[in-house]
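This report concerns only the one structure given below.
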Amino acid sequence: MLKVFKNHNPYIVILLFLSAIIFKFKYLAIDSAVAIWEQNALFAYLGLEYVKLNSFWIKFIVFVNYLGQALFLNHIVLKANLFPFKSYLPAFTFLMVSTLIPEWSVLTPALLNNWLILIALNYLMHFHEEDRKIKRIFNAGLITGVSTLIVGSSLGMLLVFLSAIALLSTWNFRETLLLIFGFLSPYYLLAAILFLQDKLDVFPLFLQFELPNSELFYNLNLMANMPAMVFMVILLLMSLFVLNSLSIRMLMQVKNVWFLNLLAVLIFIVAGIFNLSQGFSVWLPALLVLSIIFTNIWYSSARKWILSTVFYLSIIITLLLQWF
C-alpha cells in the first residue's frame, strides 16, 4: 500500500477516500456525534450557537472537512516541493494521525479554522518568492487575524510569519508593518461593526486567551490520551532523523521552509496552552504541520521491507489506539 500512495495518480484519491473511511470508521459507525459552538465568541455573535445538526450531518461535515483538508494539505506540500517526488503520502498521514485523539473528531470552530491555517501555510511556503510578495504578506496577516478571532492560539501563526520575513529574505520594516496591518484589519472591522451596533463593550470577549491552570489541564484527560501522544512523539523523532538525512540534498530555501515548519509546530503547541478551555482541538493547527513532518518517514532511504513494516505498524497502532 505504501508503494501505491507514493504515486501521484489522480485515482489514488479514491483509495484515500476509502482509507479515510477505515480510519474514521469507529467515529462514523459507533461514536456519538458532538458539535461544540458555545465557547466561541465569534460563532455566538453570528448566531451559529443556535444551529442544531443531527448526528448524521455532524459526522458528514467532520468527515468531509478532514478529507478536504488532507487533499488541500497535500496540494500545498507538493506545490512547495518539500519532498523528492510527488505523492499522496502527506494527505494519508494527516488522515491517519487525526484519528488518534477523540476530541479531534468533534465538530468545533477549531476544525473549521484549520482551513484558514492551511491558507496561511500556503502563503508561508511561498514567502521567499518575490512575485506579488506585498499582496501575499498582507493577505497572510489578514487570514491570520480572522483565524485568531475563531481560535485565539492562531496568533502563533503571526509569529511564524514574522520569523519568515526575517529568515527568508532581508528583514524589511515595511513588510513587517504590512503584515501587522493585515492582521489588525479584521479586528478594526469588527470593532467598527460593534460600535455601530452600540455593542463595543463585548469586544474583549473576542480576545480568546486565558492563563492556564491546573483545572484546565485536568479537564484535558491527559492520561487517557498519553499512548497517542507517546506514539506521535515517536513518529516525530523518526521523521526528524529522516529529515536530517534528506536535508543534505535540499536547496537552502527549502531548508528554511522546513525550519519554519518546525518552528510553527513549537509555537502552535505553546500557544495552545493559552486556550486550554477548547480542549485538544486547540492543537489542530499543530497537527497539520506535524503531518507534513511525519511524512518524511515514508521518504526514507531505508530498505523497502523496513519502510513497509513501519507503515503497516503505524496503521495498526493507530487503529488499536482508537478501539482500546
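Throughout, residue positions are numbered sequentially from 1 according to the sequence presented.
The structure places CD1 of Ile269 at 11.5 Å from OG of Ser153, a figure rounded to the nearest 0.5 Å. The distance from atom CG of Asn139 to atom CG of Leu178, rounded to the nearest 0.5 Å, is 9.0 Å. Once rounded to the nearest 0.5 Å, the distance linking CG of Leu121 with CG of Leu116 reads 11.0 Å. Rounded to the nearest 0.5 angstrom, Leu111 CG and Ile61 CD1 are separated by 9.5 Å. Leu184 contributes atom CG, which lies 8.5 Å from atom CG of Leu158 (distance to the nearest 0.5 angstrom). To the nearest 0.5 Å, atom CG of residue Leu28 and atom OG of residue Ser105 are 8.5 Å apart.
Residue Leu67 comes nearest to Ala20 through the heavy atom pair CD1-CB, 4.3 Å, listed as atom of the first residue, atom of the second, then distance. In plain terms, the two heavy atoms of Ala120 and Met157 that are nearest each other are CB-CG, 3.9 Å. For Ala70 against Leu95, the heavy-atom pair with the smallest separation is CB-CG, 3.8 Å. For the residue pair Leu260 and Ala164, the shortest heavy atom distance occurs at CD1-CB, 3.7 Å. Glu103 and Ser281 get closest at one heavy-atom pair: OE1-N, 4.2 Å. Counting all heavy atoms, side chain and backbone alike, Leu284 lies closest to Ala110 at CD1-C, 4.0 Å.
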Exercise for the section: Under the side-chain contact (heavy atoms from CB on, under 4.5 Å) rule, what do Leu71 and Leu16 come out as? Steps first, then yes or no, please. Expected result: CA-CA 9 Å; Leu71 291 172; Leu16 196 66; 3.5 Å; yes

Exercise for the section: Please assess Phe231 against Leu321 for the test side-chain contact (heavy atoms from CB on, under 4.5 Å), listing each intermediate value before the final yes or no. Expected result: CA-CA 10 Å; Phe231 177 54; Leu321 287 173; 4.2 Å; yes

Practice task
Test Asn9 against Ile12 for side-chain contact (heavy atoms from CB on, under 4.5 Å), laying out the working first.
Solution key: CA-CA 6 Å; Asn9 190 315; Ile12 303 299; 3.8 Å; yes

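Residues meeting the ring pair (Phe, Tyr, Trp, His ring centres under 6.0 Å) test with Phe17, sequence neighbours left out: Phe63. In this view, Leu177 and Phe173, Phe181 satisfy the side chain to side chain contact (heavy atoms under 4.5 Å, CB included) rule, not counting sequence neighbours. Partners of Phe92 by ring pair (Phe, Tyr, Trp, His ring centres under 6.0 Å), not counting sequence neighbours, listed by chain and number: Phe5, Phe23, Phe311. In terms of the side chain to side chain contact (heavy atoms under 4.5 Å, CB included) criterion, residue partners of Arg249 (sequence neighbours excluded) are, by chain and number, Leu246. Evaluation of the side chain to side chain contact (heavy atoms under 4.5 Å, CB included) rule for Val64 yields Phe60 as partners, not counting sequence neighbours. Residues forming a side chain to side chain contact (heavy atoms under 4.5 Å, CB included) with Ala191 (at least two apart in sequence, or on another chain): Leu200, Phe203.
Side-chain atoms of Tyr123 never come within 3.5 Å of backbone atoms of Arg136 as a donor-acceptor pair (strictly under, hydrogens ignored). Remark: the backbone N or O of Phe94 is not paired with any side-chain donor or acceptor of Gln69 at under 3.5 angstrom. Counting only distance, with no hydrogens or angles, the side chain of Asn275 and the backbone of Gly152 share a donor-acceptor pair below 3.5 Å. Without hydrogens or angle criteria, Ser147 side chain to Ile143 main chain gives no donor-acceptor distance under 3.5 Å. A donor-acceptor distance shorter than 3.5 angstrom exists from the side chain of Thr295 to the backbone of Ser291, with no hydrogens or angles considered.
Counting only residues at least two apart or in different chains, ring pair (Phe, Tyr, Trp, His ring centres under 6.0 Å) contacts with residues 129-166 comprise Phe127-Phe161. Residue pairs meeting the ring pair (Phe, Tyr, Trp, His ring centres under 6.0 Å) criterion with at least one member in residues 247-266, sequence neighbours excluded: Phe83-Trp258. Applying the side chain to side chain donor-acceptor pair (under 3.5 Å) test to every pair with at least one member in residues 178-191, sequence neighbours left out, gives these pairs: Thr148-Tyr187. Screening residues 71-98 for side chain to side chain donor-acceptor pair (under 3.5 Å) gives Lys24-Ser98, Ser87-Tyr299, Thr93-Trp298 as the qualifying pairs, with residues at least two apart or on separate chains.
With contacts defined as side-chain heavy-atom distances shorter than 4.5 Å, the pair Glu175/Lys133 qualifies. For the pair Leu82/Asn261, a side-chain contact is recorded, criterion being any heavy-atom separation below 4.5 Å from C-beta on. Counting heavy atoms from C-beta on, the side chains of Val97 and Thr318 never come closer than 4.5 Å. At a threshold of 4.5 Å between non-hydrogen side-chain atoms, the residues Phe294 and Met232 count as touching. In this structure, Gln197 and Val202 have side chains that are not in contact, with every pair of non-hydrogen atoms separated by 4.5 Å or more. Trp305 is listed as a side-chain neighbour of Thr309, based on a closest heavy-atom distance under 4.5 Å.
The one candidate from Ile101, Thr99, Ile317, Leu100 that meets the side chain to side chain contact (heavy atoms under 4.5 Å, CB included) condition with Gln322 is Thr99. For the side chain to side chain contact (heavy atoms under 4.5 Å, CB included) test with Pro285, the passing option among Leu290, Ile117, Ile267 is Ile117; the others fail.
A 6.0 Å sphere centred on CG of Asp198 holds no more than 12 heavy atoms belonging to other residues, nucleotides or ligands. Environment of NZ in Lys135: sparse, with no more than 12 heavy atoms of neighbouring residues, nucleotides or ligands closer than 6.0 Å. For Met226, the CE atom is densely surrounded, since the number of other residues' heavy atoms within 6.0 Å is greater than 12. Atom CH2 of Trp323 has more than 12 neighbouring heavy atoms from other residues, nucleotides or ligands inside a 6.0 Å radius.
At a threshold of 4.5 Å between side-chain heavy atoms, the hydrophobic network of Ile, Leu, Val, Met, Phe, Trp and Tyr places Leu78 and Val289 in two separate groups. In terms of hydrophobic clustering, with Ile, Leu, Val, Met, Phe, Trp and Tyr side chains grouped at heavy-atom distances under 4.5 Å, Met252 and Ile248 are assigned to different clusters.
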Between side-chain atoms of residues 233-242 and protein atoms elsewhere (two or more places apart, or another chain), which donor-acceptor pairs fall under 3.5 Å?
| residue | atom | partner | partner atom | Å |
| --- | --- | --- | --- | --- |
| Ser239 | OG | Leu235 | O | 3.0 |
| Ser239 | OG | Leu236 | O | 2.8 |

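Side-chain heavy-atom separations under 4.5 angstrom define the hydrophobic clusters, and the remaining members of the one that includes Ile14 are Tyr11.
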